[in-house]
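In what follows, every heavy atom counts, from backbone to side chain, and hydrogens, waters and symmetry copies are set aside. Quick caveat, the model's predicted, so the values are computed rather than measured. Just so it is clear: chains get the letters A, B, ... in the order the sequence lines come, proteins before strands, and each one is counted from 1.
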Amino acid sequence: MNFIKKFNLINLIIMTSKEIRQAFLDYFESKQHKIVSSAPMVVKGDPTLMFTNAGMNQFKDIFLELRQPDAKRVADSQKCLRVSGKHNDLEEVGKDTYHHTMFEMLGNWSFGDYFKAEAIEWGWEFLTEIMKLDKNRLYATVFEGDIADNLEKDTEAENFWKKYLPEDRILNGSKKDNFWEMGETGPCGPCSEIHIDLRTQEERLKISGRELVNKDHPLVIEIWNLVFIQFNRKQSGELEQLPKKHVDTGMGFERLCMAVQGKFSNYDTDVFQPIICKIAELSGFKYGVSDEVDIAMRVIADHFRTIAFSIADGQLPANEKAGYVIRRILRRAVRYAFTFLEQKTSFLHKLLPVLIEVMGEQYPEITLQQQLITKVIEEEELSFLNTLDTGIHLLNNAIEILIAEKENVLDGKLAFTLYDSFGFPPDLTELILSEKGFMLDKKGFDEHMNVQKDRSRNTIKQETDEWINVYDDDIEEFVGYDRTEARVRISRYRKAKVRGKDEYHIVFNLTPFYAESGGQVGDTGYFEADGEKIEIFDTQKEHNQIVHVTKKIPGNINLEFRAVVNSKKQKLTAANHSATHLLHFVLRKVIGEHVEQKGSLVDSEKLRFDFAHYQKLTVQQIKEVENLVNGLIRLNIPLSEFRNIPINEAKDMGAMALFGEKYGDTVRVIRFGESVELCGGIHVNATGEIGMFKIISESAIAAGIRRIEAITAFEIENYINDLENTIDSIKNVLKVPDKIAQKVEKLVEENKTLKKQVELMQKEKIKFIKQDLKANIQEVNGMNVIIAKLDAPNADFLKQISFDLKGEVSNLFLTFAAELNGKAFLSVMLGNELVEKGMNANTIIREIAKEIQGGGGGQPFYATAGGKNPKGIEAALKKCLEIIS
RNA sequence: GGGGGAUUAGCUCAGUUGGCUAGAGCGUUUGACUGGCAGUCAAAAGGUCAUCGGUUCGAUUCCGAUAUUCUCCA
């Protein structure tokens with residue numbers, strides 16, 4: 001009760017968004033909930049999901065009973081992104097006042113603990129007592145039942161609501177609105193939504209809020225969804241009761257702020273207003289004057305949050321997958337700024353300081369990475385503005401053609417090409433067209449779009465069958481830190497079809513196989529029993545399970561198997577992984593503490609390390625990094641491994657925690673001397689095992705991000721052997737024992753002068769030949785005729801002479817013949833005077849080429865032909881003379 | 001994962017029934033004009049037309065593969 005009083009006082013003045021968020025967390029903490037931090041918005045390790053799109057994502061494996069919860073009651077504020085898949089709000093953003101790409105979801109959870117009664121009671125209490133929302137404006141919906149699923153109405157929830165709400169404010173909801181399912185299969189159950197009517201008194205008198213619930217009214221909105229997970233839907237479609245029932249709730253933070261602060265739009269709350277004010281200030285436009293400008297500002301404010309947080313979570317704009325989604329959002333924002341706020345140059349990045357003011361406290365990652373976020377956004381803006389330029393250029397060309405052809409509709413295919421190949425937004429195409437009085441064939445555009453979509457959909461088909469349980473075992477243990485082989489049993493398996501090929505996914509009760517994560521690739525190896533040996537060619541993680549990928553399943557799946565990791569390969573991978581830690585550590589020493597890991601890939605052949613840094617590393621810096629890492633290797637520092645230590649303890653040890661990474665309560669720490677990192681990977685026992693470290697390349701992969709690729713151990717031996725071989729073969733060719741560079745330099749120099757000499761000599765030769773030819777000009781019918789067979793090194797040589805003579809001899813008729821590589825070659829050159837009279841080298845060459853069994857052609861004044869009969873050359877030349885005589 | 005496009009001088013780009021011995025602008029160098037800055041004019045240098053293979057008398061152009069890169073769909 002004290003708790004409620006405390007907030008009553010605060011609520012006398014309007015609560016800020018920061019206070020509202022904190023009040024939620026404090027309230028549920030007072031109800032024995034454990035407050036956890038937001039998972040990163042960008043999802044790693046779940047192939048079905050690119051972004052966190054609901055508060056429950058990070059607890060998915062608990063609902064699937066693949067992980068034991070470490071607290072039965074949990075609450076948090078989760079960063080969410082809805083831009084793809086089932087929930088795609090991207091196109092809605094800005095047009096209305098309450099859709100967002102990124103938003104915060106406040107949620108409380110019960111894992112087999114409390115159920116409907118408490119969830120409803122606390123939901124009600126929080127909204128009415130703490131947030132002080134008007135009880136008369138609240139509505140609840142309950143699931144009305146469904147005949148197809150043989151489900152009855154959720155009278156349980158209805159009865160609890162009756163304690164707080166009059167019956168006419170409790171509404172029935174359909175399966176679509178009030179039955180929540182995680183996917184086609186899996187945990188599901190009825191839900192109960194709380195809606196609020198935020199309209200003016202006057203409006204409310206005209207029409208009852210009851211009529212507007214779930215009718216997409218901007219001010220009669222759902223603010224909290226209480227999901228009661230009590231069933232599991234099997235692949236057959238059948239529902240079965242879950243032994244443990246869960247509560248999963250989600251409340252849109254921005255909507256709550258709107259309700260509490262008495263605004264009519266999410267964008268009018270203090271979550272967005274500072275950003276919108278800044279946009280207005282920078283662009284010179286005013287918010288609230290025209291619809292177009294308002295929409296643009298809302299789009300920009302919304303999208304900017306998304307982009308900034310994604311980058312902070314480590315997801316940079318890119319041209320595929322999640323990075324591509326981010327790029328598209330950024331471009332959408334730029335496009336609105338470009339068209340409606342007349343921003344022809346980059347400006348989004350200037351909004352970051354304001355965003356940090358609003359959200360930096362709750363989410364420190366954006367503050368800490370300010371410089372990087374700014375730089376990346378600016379670079380992206382500039383590159384898109386460039387794409388727009390190109391697109392406008394191409395579109396203008398197309399419009400000129402339309403004008404020339406007196407058309408007024410632009411072909412949909414062309415607009416689609418503009419979009420598909422050049423990234424030019426179709427709505428911008430339409431806008432530019434309409435400004436100039438043209439129309440777009442929208443239907444044609446959509447048709448092409450659909451063709452592309454179908455094509456993509458058809459190729460994606462990756463089907464997985466349902467898991468088949470073989471052997472019951474709750475916990476799948478990873479024993480690979482200590483062993484590379486183990487006696488295992490199959491707990492479950494399934495068949496999958498990937499690119500038309502069958503493969504099997506197998507889960508063991510325990511396993512020495514490391515699943516791909518943290519940049520380290522999955523182990524390979526085999527498992528065997530009863531004389532049957534099956535190769536494991538990859539190991540992946542799915543919902544915390546370690547999935548072994550094979551081409552077949554054993555004949556008898558109930559045996560105990562010997563599972564063996566390819567340890568040679570694993571050792572090499574481990575060397576690269578440990579070297580990555582040393583590299584990270586040394587980079588921070590050499591170029592500064594701002595070096596932040598942005599990505600990493602470790603396999604048996606190489607290591608790749610991406611990190612935040614703004615300039616190219618100098619040659620000296622690279623050498624220094626290599627020297628220091630190699631120094632640490634030679635010190636042969638033993639590995640200190642700490643499993644299951646609390647995260648705070650790890651931080652005290654100086655572990656470099658990665659921002660945007662989500663960690664459980666306990667972590668594993670890997671330490672080599674001063675290098676301390678949180679890491680789940682496989683490492684060497686002492687740094688000496690790495691052998692040696694060599695940087696192979698250093699490059700930029702995005703604004704502010706650089707990539708180092710390096711090799712260790714055996715790979716360096718290969719590398720050195722290759723180098724040696726190359727040098728040896730060069731020495732052999734040059735016939736020198738050393739000072740190769742000097743010798744090569746000399747050769748290049750010589751080559752250059754020789755080339756010049758040859759050129760000169762050829763010119764001399766040409767001059768000589770020309771003189772000779774000119775002396776033997778025959779006059780035939782007023783033409784200066786030269787017909788000759790020459791020795792020539794190549795066709796260009798004859799071409800050169802032909803063009804020269806054309807400039808020197810008037811009324812020229814010139815035919816050359818030569819034998820090149822055993823084939824016959826002919827050319828005919830005519831002076832301009834003859835061409836003007838109607839002669840054509842083309843027709844002449846075709847006629848005479850018959851003699852050499854060949855064909856040819858060219859322009860009216862110069863034509864060439866080739867044939868396989870050199871013996872016909874004399875006849876061809878003779879024929880040539882006949883033609884003109 | 002699947003589709004489309006691009007790669008031509010240091011930079012930005014032109015270059016269609018395959019043939020004009022590859023062009024423009026900017027930049028670079030040189031020269032002239034001017035007292036200097038700057039500029040104007042003139043000239044020159046600079047290209048394995050991404051790489052490899054194929055078709056052809058002939059390929060920057062057509063075809064195939066590779067590399068790099070952009071872009072769209074999923």
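- Between A:Val828 and A:Leu814 there is no side-chain heavy-atom pair separated by less than 4.5 Å.
- Protein atom CG of A:Asn386 is 11 Å distant from nucleotide atom C1' of B:C70, rounded to whole Å.
- Here A:Gly854 lies out of heavy-atom contact (under 4.0 Å) with every strand.
- Nearer the 5' end of RNA chain B, as judged by each residue's closest nucleotide, is the contact made by A:Leu394, out of A:Leu394 and A:Ala863.
- Applying the side chain to side chain donor-acceptor pair (under 3.5 Å) rule to pairs touching residues 831-845 of chain A yields A:Asn842-A:Arg846, sequence neighbours excluded.
- Taking every heavy atom of residues 865-879 of chain A and every atom of RNA chain B, pairs under 4.0 Å involve A:Ala865, A:Gly866, by number.
- What separates CD of A:Glu447 from P of B:G3 is a distance of 22 Å, to the nearest Å.
- No salt bridge links A:Glu503 with A:Lys551; every basic N to acidic carboxylate O contact stays at or beyond 4.0 Å.
- Rounded to the nearest Å, the gap between the C1' atom of B:U8 and that of B:C49 is 4 Å.
- Residues A:Tyr862 and A:Phe424 each lie close to RNA chain B; by heavy-atom proximity, the contact nearer the 5' end of the strand is made by A:Tyr862.
- For the pair A:Leu385/A:Val334, a side-chain contact is recorded, criterion being any heavy-atom separation below 4.5 Å from C-beta on.
- For the OP1/OP2 pair of B:G4 and a distance below 4.0 Å, the side-chain nitrogens and oxygens of A:Tyr419 include no atom meeting the criterion.
- Distance from the side chain of A:Gln859 is smallest for B:C20 among the nucleotides B:C20, B:G4, B:C73.
- Applying the ring pair (Phe, Tyr, Trp, His ring centres under 6.0 Å) rule to A:Phe422 yields no partners; only residues at least two apart in sequence or on another chain are considered.
- Atom-to-atom, CG of A:Leu418 to P of B:U71 comes out at 14 Å; the value is rounded to the nearest Å.
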Both distances under 3.5 Å, Watson-Crick or G-U wobble: on that basis, could you give the dot-bracket string for RNA chain B, with [ ] for crossing pairs and | for other-strand partners? (((((((..((((.....[...)))).((((((.....)))))).....(((((..]....)))))))))))).
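- Between B:G39 and B:C26, the distance separating the two P atoms is 12 Å to the nearest Å.
- Every pair tested for ring-ring contact (aromatic ring centres under 6.0 Å, His included) that includes a residue from residues 825-846 of chain A fails, sequence neighbours excluded, so the list is empty.
- Taken residue by residue, residues 823-850 of chain A places no heavy atom nearer than 4.0 Å to RNA chain B.
- Residues forming a side chain to side chain donor-acceptor pair (under 3.5 Å) with A:His349 (at least two apart in sequence, or on another chain): A:Glu381.
- Residue pairs satisfying the ring-ring contact (aromatic ring centres under 6.0 Å, His included) criterion with at least one member in residues 832-860 of chain A, sequence neighbours excluded, are absent.
- Judged by distance alone with a 3.5 Å cut-off, no donor-acceptor contact links the side chain of A:Asp420 to the base of B:G5.
- Within the 4.5 Å cutoff, side-chain heavy atoms of A:Thr815 are placed close to those of A:Ile848.
- Separation of the C1' atoms belonging to B:A14 and B:U30 is 28 Å when rounded to the nearest angstrom.
- Across all strands, A:Gly856 comes closer than 4.0 Å to base atoms (heavy-atom distances).
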Considering only distance and modelled atom types, tabulate donor-acceptor pairs under 3.5 Å from the side chains of residues 423-431 of chain A, sequence neighbours left out.
{"from": "A:Asp427", "atom 1": "OD1", "to": "A:Arg335", "atom 2": "NE", "distance (Å)": "3.2"}
{"from": "A:Asp427", "atom 1": "OD2", "to": "A:Arg335", "atom 2": "NE", "distance (Å)": "3.1"}
{"from": "A:Thr429", "atom 1": "OG1", "to": "A:Pro425", "atom 2": "O", "distance (Å)": "3.3"}

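- In this structure, of B:U21, B:C70, B:A74, it is B:C70 that holds the atom nearest to the side chain of A:Arg331.
- Among pairs with a residue in residues 851-866 of chain A, those fulfilling side chain to side chain donor-acceptor pair (under 3.5 Å) read A:Glu851-A:Lys879, at least two apart in sequence or across chains.
- A donor N or O paired with an acceptor N or O is not found under 3.5 Å between the base of B:G3 and the side-chain atoms of A:Ser421.
- Across B:C63 and B:C70, the matching C1' atoms stand 23 Å from one another, rounded to whole Å.
- With sequence neighbours excluded, the residues that form a salt bridge (Lys or Arg N to Asp or Glu O under 4.0 Å) with A:Lys606 are A:Asp603.
- Judged by distance alone, with hydrogens and angles left aside, A:Gln452 brings no side-chain donor or acceptor close enough to the base of B:G4 to form a pair under 3.5 Å.
- Rounding to whole angstrom units, CG of residue A:Asp796 and P of B:G19 are separated by 16 Å.
- Both cation-pi conditions hold for A:Lys806 and A:Phe861: the charged atom is under 6.0 angstrom from the six-membered ring centre and inside a 45 degree cone around its axis.
- Within the nucleic acid shown, A:Phe416 has no heavy atom closer than 4.0 Å to any nucleic acid atom.
- Here the separation of B:A50 from B:A59, taken at their P atoms, is 15 Å to the nearest Å.
- The side chain of A:Arg328 places an N or O atom within less than 4.0 Å of a non-bridging phosphate oxygen (OP1 or OP2) of B:C73.
- Put simply, NE2 on A:His448 is 13 Å from P on B:G5, counting in whole angstrom units.
- Between B:G15 and B:C20, the distance separating the two C1' atoms is 11 Å to the nearest Å.
- Comparing B:U60 with B:U16, their P atoms are spaced 15 Å from each other, to the whole Å.
- The distance from atom CZ of A:Arg327 to atom P of B:U69 is 12 Å, rounded to the nearest whole Å.
- Residue pairs meeting the side chain to side chain donor-acceptor pair (under 3.5 Å) criterion with at least one member in residues 409-422 of chain A, sequence neighbours excluded, are A:Asp420-A:Gln452.
- Nucleotides B:A74 and B:U69 have their P atoms positioned 24 Å apart, rounded to a whole Å.
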